[in-house]
Amino acid sequence: MLKMTPPHNTEGERWRERGRESKCVSVSAHDSKTKTKKNKTKQKKNKKEVWMLADITHFVYFLHFQTKPKTQKPCMMRLSQCVNQPKNWMLFVCALAVVTSCLKSTAAYNINDKDADHTTKALEYVEAGDNEAAMRSFYAAVRFDPSYTTYGNIGVALMRKGDLDRSRRALLKALAYKPDFETTLDNIRELYSLQKQPFDRAQVLAEAEKLQSNLLPQPDKHTSSSTSGTDNGNKKQQQKAQKTSSINVAIDKALSTISPCDVYKLAEVSSPQRVQLNAPLANASTQNIQSVLKVSYSDFMDFVKGDFQKKYWEKTPVRIQTEGSLLALASLKDVLDSNPLHYLSSGTERHIRNVKFIKKTFEPAKKFGEQGAKELAQALQDGWTLQLYNVQKWLPNVAALSLELSQATNLPVNVNLYITPSNTPISLIPHSDFQCSLMIQLTGQKRWKLWMKAEVSLPVRSRHIRGRDEGDELTLTELGPPDYDVILYPGDVLYVPRGCIHATSTPPGTGPPSMHLTVGIEAMWDQGLSSTWESLLGAGELYRHSFIQEGYFQALRQLTDTDSTFRQTPPRPARRPGSVGPKFKEAMRSKLHQIVDQIIDGTDTLSLIQKAKKVTMEPYLNNLKTYCNASQEKTLPHTNVATHEATVSSWFSAFMARSTSSSSNSGSTDDQDGFEGVDSVGEGGIGHEPLPGSEPLEVKATDEYLMHDEF
């Protein structure tokens, strides 16, 4: 049975104690039969007042904690009868003041408030069934008050969530703070049973003891609440303790692991300002993108494993022309006319075969339930782009490609699929993404405009991402002419580095829609080990790891034991105020270099990083293997592009005619067929208006495609 530790001396405990004392007083007064009649009458009056105090106490507890106390329910009728007596008005006014302060404290709860009682709030969320909110509050409690209580509670919460590795680390830290706490030992015993491992009490205590040297001191709450009558010495000690406590909290925040559900929220709190783009250069012009011809599937994979990673990875876009070697990855028929897709709306569980309807922005149409051929055809006819997440889970060829790419890059690969009708001037407005992507064009055509901005390239923080959120739209004035402007045809692959701003559109015409795969290679993976240097070295805002910090402390302890110079007094840091002496600089540089060498050569830091990488990647690769068809060939069949396009065009025309025949004569609009319009659409169901604040590009009338050019 998992046990959570309640906070000590909380407001709730004080109210419960007062309620019990009041009830005890009333019961003892009621049972007193040895008094005189006069005393009995006096006791009866006191009993009413005491019961009123108990009722007010429990009523305040009920309002503050939104739960009924175990000892007694508030009796409002008896409370109102007592208040009618004038002598009790003062007591009632005092109670109202307490109620008001309790309500204010409840309404003012802030997860980033270091003085808030995060543990109590988290336990309330647990009782209410809001596990995500409880996790956020538990993490806040650990950040602001590292102790055996807070680490023990987050360990239990992680265990209930199924994250057993993090749970074990948290519980060991809790045990390091208080080795003799049996509740923590019981929870660790339960964890070992879930992991099907034998529980060795001595071994667990030994592991916890190793962590004790790295623990942060618990903030001294009594120091900050000292009385005003302390002498100057106590005041200095109090100020020193508060300063040390704030530093410890900051260090603990830097070393703590952030929950994936808090990634974007914490990033926005700490850095709400988006990175601003520099003004485009006056002589900026569009370049010709470099193209590489790789006809066969094996040639394509060899290129991705070799020259691509050396020359282009996280550096510059490149177009790879594979002709027909990748067209068999997915077919339009398998997506639109097989089993229904499930609309992915907020608050619903993500189905494997999911779909969303988007137009220009990432704000989806408000739809629910299954979307069959008729609904999908109607959405395309109305100008919506179909967005399908993680198609590698149900398209075996895509799963095989993802598996091979993931093994080649040692990074997870997730694939989304987009279907956009032709004659869409703005498929998606300019925006950037966290992941590097290979855009594989399967049917139709799609135009890509790319802007390489150094300020937001290779993003590691949410403020580096531009153009995705409402109010953060990018205009042509900010962007200037694109660095690259390329049209993809069936069989083409475009590499878009992470952070590269891109916008898409489809040419006018009556041909088949554009269908492409966005093969995202995730350097910043929120479900495993993020692979950027920033997070690896411990300074990541979104995902951070503590391997280097733990290795630093381990190396410093080793050098302190083996090298006596680390036990010496360092040279004077400054000869005069405001300056640093050169000897101190060189000595500090030398010591830090020694520590770095010791981390790499004398500790197990690097092996732990590799082990963590392997532990997080193995389950992902095993899942990908289950999505692959065991009987499928390793290489895809080569398809003639012209024949492929003719077949797709013929099938799509018949599909649209069959699926929309019943609804085309009804004159339905977006609002009539269940859409609550995200964007206003022009005639024909496709919007042609430019973005607010942007100007259309100057185009030549001879270029039919560019006549519709907005992005």
Side-chain angles (χ1 to χ4, degrees), residues 139 142-143 146 151 154-155 158 163-177 191 195 204 206-216 247-260 262-263 266-267 270 314 406 409-412 434 458-461 522-562 566 591-621:
Y139 273 111
V142 170
R143 284 160 47 203
Y151 273 113
I154 192 62
L158 289 169
D163 195 344
L164 302 183
D165 291 335
R166 285 186 177 180
S167 173
R168 182 175 181 274
R169 291 177 59 186
L171 291 174
L172 284 175
K173 286 186 177 181
L175 198 62
Y177 275 109
L191 174 67
Q195 294 180 325
V204 169
E207 291 183 26
E209 186 178 359
K210 292 180 181 179
L211 299 176
Q212 286 181 346
S213 58
N214 291 341
L215 292 181
L216 300 172
I247 294 174
N248 289 336
V249 169
I251 295 174
D252 185 57
K253 183 178 179 181
L255 298 181
S256 61
T257 303
I258 303 299
S259 172
D262 289 338
V263 162
L266 287 178
S270 57
E314 293 189 341
S406 185
T409 61
N410 200 29
L411 294 171
F434 273 117
L458 304 180
V460 294
R461 306 184 180 212
E522 311 281 353
M524 299 184 64
W525 189 27
D526 58 353
Q527 299 178 10
L529 187 66
S530 181
S531 299
T532 63
W533 279 113
E534 185 205 35
S535 61
L536 190 64
L537 295 175
E541 183 182 35
L542 301 185
Y543 319 105
R544 59 169 60 104
H545 312 301
S546 58
F547 299 111
I548 299 299
Q549 286 85 350
E550 293 175 0
Y552 172 85
F553 290 119
Q554 185 180 355
L556 183 57
R557 287 194 301 270
Q558 292 174 354
L559 290 172
T560 302
D561 293 337
T562 59
F566 276 84
K591 293 304 179 189
L592 290 177
H593 284 174
Q594 284 184 260
I595 293 175
V596 171
D597 292 339
Q598 186 68 18
I599 292 174
I600 296 174
D601 300 327
T603 69
D604 58 352
T605 301
L606 299 186
S607 61
L608 287 176
I609 293 174
Q610 293 300 320
K611 181 179 179 181
K613 185 75 173 179
K614 182 180 179 181
V615 168
T616 54
M617 283 296 295
E618 277 186 350
Y620 170 80
L621 295 175

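Contact between Ser406 and Met617 at its shortest, heavy atoms only, is OG-CE, 3.4 Å. In terms of heavy atoms, Gly155 sits closest to Ser167 at O-OG, 2.7 Å. Closest approach of Thr603 and Gly551 over heavy atoms only: CG2-O, 4.2 Å. Residues Phe434 and Met524 share a closest heavy-atom pair of CD2-SD, 3.8 Å. The nearest pair of heavy atoms linking Ala170 to Tyr151 is O-CB, 3.5 Å. Contact between Ala208 and Ala176 at its shortest, heavy atoms only, is O-CB, 3.3 Å.
Side-chain contact check for Asp604 versus Gln554: some heavy-atom pair is nearer than 4.5 Å. In this structure the side chain of Tyr139 reaches within 4.5 angstrom of the side chain of Leu158, judged on heavy atoms. Using a 4.5 Å heavy-atom cutoff, the side chains of Lys173 and Pro146 are not in contact.
Taken to the nearest 0.5 Å, the CZ atom of Arg169 stands 10.0 Å off from the CG atom of Asp163. Summarising the geometry, atom CG belonging to Leu175 is positioned 10.5 Å from atom CD belonging to Glu209; distances are rounded to the nearest 0.5 Å. Going from atom CG of Leu556 over to atom CD of Gln594 covers 11.0 Å, rounded to the nearest 0.5 Å. Here the OG atom belonging to Ser607 is positioned 12.5 Å from the NZ atom belonging to Lys614, to the nearest 0.5 angstrom. In this structure, Leu536 CG and Ile609 CD1 are separated by 4.5 Å, a value rounded to the nearest 0.5 Å. The structure places CD of Gln549 at 8.5 Å from CG of Leu537, a figure rounded to the nearest 0.5 Å.
For Tyr552, the OH atom counts as loosely surrounded, since its 6.0 Å shell holds 12 or fewer non-hydrogen atoms of other residues, nucleotides or ligands.
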Let me see the working for Leu164 and Arg168 under side chain to side chain contact (heavy atoms under 4.5 Å, CB included), right down to the final yes or no.
CA-CA 6 Å; Leu164 302 183; Arg168 182 175 181 274; over 6 Å; no
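The side-chain contact (heavy atoms from CB on, under 4.5 Å) test with Ile600 singles out one residue from Leu606, Ile595, Thr605, and that residue is Leu606.
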